[in-house]
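Down below is the structure, laid out as structure tokens.
No hydrogens, no waters, no symmetry mates; every other heavy atom, side chains included, goes into these values. Chain A is the first sequence line, chain B the second, and so forth, proteins listed ahead of strands; every chain is numbered from 1.
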Amino acid sequence: MTSILPLKITEAVVRKRGKRLLGPVTHVIEASGFTIVMGPNGSGKTTFLRMMHGLETPRQGSLVWNIDERDARKHQAFVFQTPIIMRRTVLQNIAYPLLVGRHDKKQARETALDWIGKIGLVADRNAQVLSGGERQKLAIARALIVQPEVLFLDEPTTNLDGRSIREIEDLLREAFQNGTRIIMTTHDIGQAQRLAGDVMFLNRGQICERAPADDFFNATASEEARAFLRGDIVE
Amino acid sequence: MNDIWRGVVEAVQLIISLDPDLIEISLRSLQVSITAVIIAATIGLPLGAWLAVNRFRFRRTTIAVLNALMGLPPVVVGLFVYILLSRSGPFGVLGLLYTPTAMIIAQVIIVTPLIASIAHQAIRDLWTEYHDLLISLNTSRRQRMRTLIWDARRALLTAALAGFGRAIGEVGAIMIVGGNIDHVSRVLTTAIALETGKGDFALAIGLGLVLIGLAIAVNVTIHSISQTERTGLW
Ligand SMILES: Nc1ncnc2c1ncn2[C@@H]1O[C@H](COP(=O)(O)OP(=O)(O)OP(=O)(O)O)[C@@H](O)[C@H]1O
Ligand SMILES: [Mg+2]
């Protein structure tokens with residue numbers, strides 16, 4: 001099977017109501033890696049991920065996947081900043097992507113049950129009553145169940161306690177080792193240091209810096225990223 | 001006062017003795033209204049879902065018209081259906097006037113906008129909630145509508161119930177197109193109107209009690225169905 005990557009982004013700009021939220025961004029997302037996207041609130045991280053996933057359409061510029069764009073999204077998954085939990089049981093939530101993907105029903109159920117065991121939830125519980133951490137784990141399992149080639153995660157561990165964070169990071173490391181290309185935003189610098197292969201730093205809708213994790217944390221190039229890492233307010 | 005009290009006592013006797021007239025009229029009422037609601041839901045629910053999920057040019061106008069149709073006076077609907085079905089009307093050859101079928105047609109017209117409109121609101125809210133997820137998962141249009149209808153099913157049940165409430169209690173339209181003919185098109189509401197006019201309070205009150213009882217029974221039944229479904233699922 002041909003990979004959907006690399007993704008070539010050329011001069012892409014996202015606008016809403018006349019306001020430029022992102023860009024122009026020119027960038028290539030290569031076939032493998034674990035990219036952490038950082039940047040202050042409102043710098044365009046969510047917009048950037050959504051644009052790559054096709055949820056925002058660039059007004060200018062282009063996004064070119066290695067295969068046809070419509071097929072490309074079938075090999076991606078997205079975990080939203082606020083998890084979207086369907087009004088169904090945990091099992092039905094997690095099996096849903098397989099069912100809309102026309103997988104065999106029984107097989108889908110088995111696979112979903114495996115995942116539920118793995119993340120320690122109860123299959124026939126109403127997913128709407130889950131706690132914040134459980135919701136995130138559900139959303140991540142639901143994203144990983146289709147074995148996506150590219151996984152986008154938007155602040156998947158914000159507001160979670162240490163234990164939930166570790167469980168989620170373990171899931172992500174495992175997915176990465178199984179070959180999933182991960183692109184994830186976080187505000188947690190410690191987490192970025194634990195997970196990142198490379199870091200992308202956004203400020204005011206622009207990619208300010210992109211470097212391998214070691215370089216980014218030890219030899220930060222841009223003044224904005226240095227200020228951010230110090231905990232200063234980035235202007 | 002005495003009249004009314006005697007009416008209540010006789011009404012209870014009619015109900016307890018399972019008076020054949022009372023039963024016939026009640027069953028016809030149920031048959032007409034339930035059929036009308038089923039047809040209206042079959043049209044209204046997908047229509048509501050479709051309006052919620054699709055963008056097209058006259059979407060706002062369509063929704064505004066739908067909301068306006070909710071307030072259609074039943075008498076006017078009755079008149080309209082009467083004209084269509086009357087011997088000289090376009091569908092006169094079908095000979096449907098003064099039959100339960102004509103009553104069902106009128107009630108479908110009254111109830112469909114109500115069901116579609118409530119369904120549209122519920123599904124639109126759920127669509128806002130699910131939008132990004134369903135787009136991200138590459139769902140087809142059809143899958144989206146099915147998912148939304150299924151996950152909004154409780155609100156949709158309420159929509160159907162509201163439709164049933166409106167249908168079973170409606171008198172203006174079915175009086176005109178049904179004609180309140182004994183053993184043919186007489187239903188609870190038209191019978192109550194007739195008996196009250198004649199001063200036969202016993203039968204009128206008896207019918208009234210049955211009408212209220214039916215409305216409550218249907219609500220409770222559907223509620224308990226949704227309850228068992230909930231515990232079954234979750
Ligand atoms: N639908 C929208 N309409 C108008 N402006 C928007 C819209 N969505 C986002 N924005 C604006 O775009 C900018 C970038 O938003 P974005 O959500 O991408 O930031 P972010 O880096 O993810 O921030 P955070 O760290 O707070 O999640 C913000 O200024 C935001 O207010
Ligand atoms: Mg964000």
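By the neighbour-count criterion of 12 heavy atoms within 6.0 Å, atom CZ of A:Arg204 is sparsely surrounded, having that number or fewer from other residues, nucleotides or ligands. Remark: A:Asn159 CG is loosely packed, at most 12 non-hydrogen atoms of other residues, nucleotides or ligands lying under 6.0 Å away. The neighbour count for A:Gln147 CD, taken as heavy atoms of other residues, nucleotides or ligands under 6.0 Å away, does not exceed 12. Counted within 6.0 Å of CZ on A:Arg109, heavy atoms from surrounding residues, nucleotides or ligands total 12 or fewer; the atom is thus considered open. By the neighbour-count criterion of 12 heavy atoms within 6.0 Å, atom CZ of A:Arg59 is sparsely surrounded, having that number or fewer from other residues, nucleotides or ligands. Residue A:Glu30 places its CD atom among more than 12 non-hydrogen atoms of other residues, nucleotides or ligands, all under 6.0 Å distant.
Taken from NE2 in B:His131 to CG in A:Leu55, the straight-line distance is 8.0 Å, to the nearest 0.5 Å. Interatomic distance, CG of B:Leu133 versus CZ of A:Phe80, reported as 6.0 Å (0.5 Å rounding). The CG atom of B:Leu137 lies 11.0 Å from the CG atom of A:Leu99; values are rounded to the nearest 0.5 Å. Here CZ of A:Arg142 is found 9.0 Å from OG of B:Ser136. Values are rounded to the nearest 0.5 Å.
Heavy atoms of B:Thr139 lying under 4.5 Å from chain A belong exclusively to its side chain. Within the 4.5 angstrom heavy-atom criterion, no atom of A:Leu91 approaches chain B.
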* **Full working for side-chain contact (heavy atoms from CB on, under 4.5 Å) between B:Leu134 and A:Tyr96** => CA-CA 10 Å; B:Leu134 296 188; A:Tyr96 186 79; 3.5 Å; yes
* Quick one: do A:Arg70 and B:Asn138 satisfy side-chain contact (heavy atoms from CB on, under 4.5 Å)? Show the steps, please. => CA-CA 9 Å; A:Arg70 239 174 292 161; B:Asn138 274 301; 5.9 Å; no
* **Verdict with supporting geometry, A:Gln92 and B:Asp151, side-chain contact (heavy atoms from CB on, under 4.5 Å)** => CA-CA 11 Å; A:Gln92 288 167 337; B:Asp151 283 15; over 6 Å; no
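Contact check for A:Arg87 versus B:Glu129: side-chain heavy atoms found under the 4.5 Å cut-off.
With chain B as partner, the option from A:Lys74, A:Met86, A:His53 having the largest number of non-hydrogen pairs under 4.5 angstrom is A:Met86.
Among the candidates B:Arg144, B:Gln143, B:Arg146, the single residue satisfying the side chain to side chain contact (heavy atoms under 4.5 Å, CB included) test with A:Val100 is B:Gln143.
By the side-chain contact (heavy atoms from CB on, under 4.5 Å) test, B:Asp125 pairs with no residue at all, sequence neighbours left out.
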